[in-house]
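These figures come from a predicted structure and were not determined experimentally. Heads up: numbering here begins at 1 and tracks the sequence.
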Amino acid sequence: MPTVLFVCTGNLCRSPMAEALLKARLVRDKVRRDWQVGSAGVWTTEGRPASAYAIEEMAQRGIDLRAHRSRSVTCDMMVDADLVLAMTRSHAEALTAAFPEQARKVRLLSQMVGQTYDICDPYGGTRLEYAYSAQELEQLIKGGYARIVELIEGKGE
C-alpha cells in the first residue's frame, strides 16, 4: 500500500495538518483510498497532542485532529514511505543526512506545486498565523495532488 510521510519540526502543527488534509483528499479518490498517510517530526517529543490552534483549524474543515500524538521520524518510517514531504529545506537536509539511503524519497511539499520554498511554522503564533498555515497547506495539497500521485505511482522523477 503506498505511503506518504509528512515531516516538520515538532509534529504538532504543519505535518499533522498536512497529513489530515491529504487523508481527507484521498477519501474522495476511489482509486487511492487505501493509501497510508502519516506524519512525524525531526526534533520532537513523543506523544504530544497537536497544538490547539491546529486542532481548531482542522475542525473548521470537518477534520478531527484531537487524537493526533507527535512522533519522531524513524528509520522504519522512512523505509516504509514511498514519498516523504518535508516542510522546509532544513527538514529535508536533516532527513537526507540521517537517512541517506532514503534520500531519493525526500521532497519539499512546496515542490509539489513546482516551487521551492519553506512553509512557515505557526507554532507559538496567533490563531491568524495558524489559519494562514492551514490555508497554505490546503492549497499545496490541492494543487500538488497530481504531482504526489505521479511520484508515488512512478510516473514522475
The reported gap from OG in S51 to CG in L12 (rounded to nearest 0.5 angstrom) is 6.5 Å

Return yes when atom OH of Y53 has more than 12 non-hydrogen atoms of other residues, nucleotides or ligands closer than 6.0 Å, and no otherwise.
no

If the threshold is 4.0 Å, N to carboxylate O, is there a salt bridge linking R127 and E57?
yes

Hey, does V84 have a side-chain heavy atom less than 4.5 Å from the side chain of M78?
yes

Kindly work out whether a path of hydrophobic side-chain contacts (I/L/V/M/F/W/Y, heavy atoms less than 4.5 Å apart) joins L151 to L137.
yes

Check M17, H91, E19, R14 against F6 for a side chain to side chain contact (heavy atoms under 4.5 Å, CB included) and give me the one that passes.
E19

Contact summary for L5 and A81, nearest pair of heavy atoms
CB-CB, 4.0 Å

Minimum heavy-atom separation for L140 and S110, please, with both atom names.
CD2-CA, 4.1 Å

Donor-acceptor under 3.5 Å (S70 side chain, G47 main chain)
yes

Go through it in stages, so that I can follow the logic: the residues are L85 and L22, the test is side chain to side chain contact (heavy atoms under 4.5 Å, CB included), and I'd like the CA-CA distance, side-chain angles, deciding distance and then a yes or no.
CA-CA 12 Å; L85 294 172; L22 182 57; 5.7 Å; no

All ring-ring contact (aromatic ring centres under 6.0 Å, His included) counterparts of Y145, not counting sequence neighbours
none

Any link between L108 and I148 through a network of hydrophobic side chains (Ile, Leu, Val, Met, Phe, Trp, Tyr) touching at under 4.5 Å?
no

Does C13 reach the side chain of D121, with side-chain heavy atoms less than 4.5 Å apart?
yes

Cluster link L109 to Y132, ILVMFWY, side chain under 4.5 Å
no

Using only atom types and a distance under 3.5 Å, with no angle test, would you say the side chain of R69 pairs donor to acceptor with the backbone of E46?
no

Considering all heavy atoms, the nearest I152-P2 contact:
CG2-CB, 3.5 Å

Can you check whether V27 reaches K23 side chain to side chain, under 4.5 Å on heavy atoms?
no

Partner residues of R48 under the side-chain hydrogen bond (donor to acceptor under 3.5 Å, both in side chains) criterion, sequence neighbours left out:
Y123

Before accepting this row, confirm whether a basic side-chain N of the pair K142/E138 lies closer than 4.0 Å to the acidic partner's carboxylate O.
no

Pairwise salt bridge (Lys or Arg N to Asp or Glu O under 4.0 Å) hits with a residue in residues 78-103, at least two apart
R89-D118

Treating Ile, Leu, Val, Met, Phe, Trp and Tyr as nodes and any side-chain heavy-atom pair under 4.5 angstrom as an edge, say whether I141 and L65 lie in one connected cluster.
yes

Quick one: do T9 and M87 satisfy side chain to side chain contact (heavy atoms under 4.5 Å, CB included)? Show the steps, please.
CA-CA 8 Å; T9 306; M87 298 295 146; over 6 Å; no

What pair of heavy atoms forms the shortest contact from Y130 to P122, and how long is it?
CE1-O, 3.1 Å

For a 4.5 angstrom cut-off between non-hydrogen side-chain atoms, does L83 reach R107?
yes

Nearest heavy-atom pair of M58 and A20: which atoms, and what distance?
SD-CB, 4.3 Å

Looking at T96 and A103, would you say the former's side chain and the latter's main chain have a donor-acceptor pair under 3.5 Å?
no

Would you find a donor on one side and an acceptor on the other, under 3.5 Å apart, between the side chain of T44 and the backbone of G10?
yes

Looking only at heavy atoms, the pair that brings A86 and L95 closest together is CB-CD1, 4.4 Å

Beyond-backbone contact of C120 with E136, side-chain heavy atoms, under 4.5 angstrom
no

List the steps, then state whether side chain to side chain contact (heavy atoms under 4.5 Å, CB included) holds for R32 with E153.
CA-CA 10 Å; R32 297 174 184 90; E153 295 181 350; 2.7 Å; yes

Any V73 side-chain heavy atom under 4.5 Å of F99 side chain:
yes

With side chain to side chain contact (heavy atoms under 4.5 Å, CB included) as the test, would you mind laying out the steps for R61 and L21 before giving the verdict?
CA-CA 9 Å; R61 292 159 174 81; L21 290 164; 4.1 Å; yes

Counting heavy atoms not belonging to R66, are there more than 12 under 6.0 Å from its CZ?
no

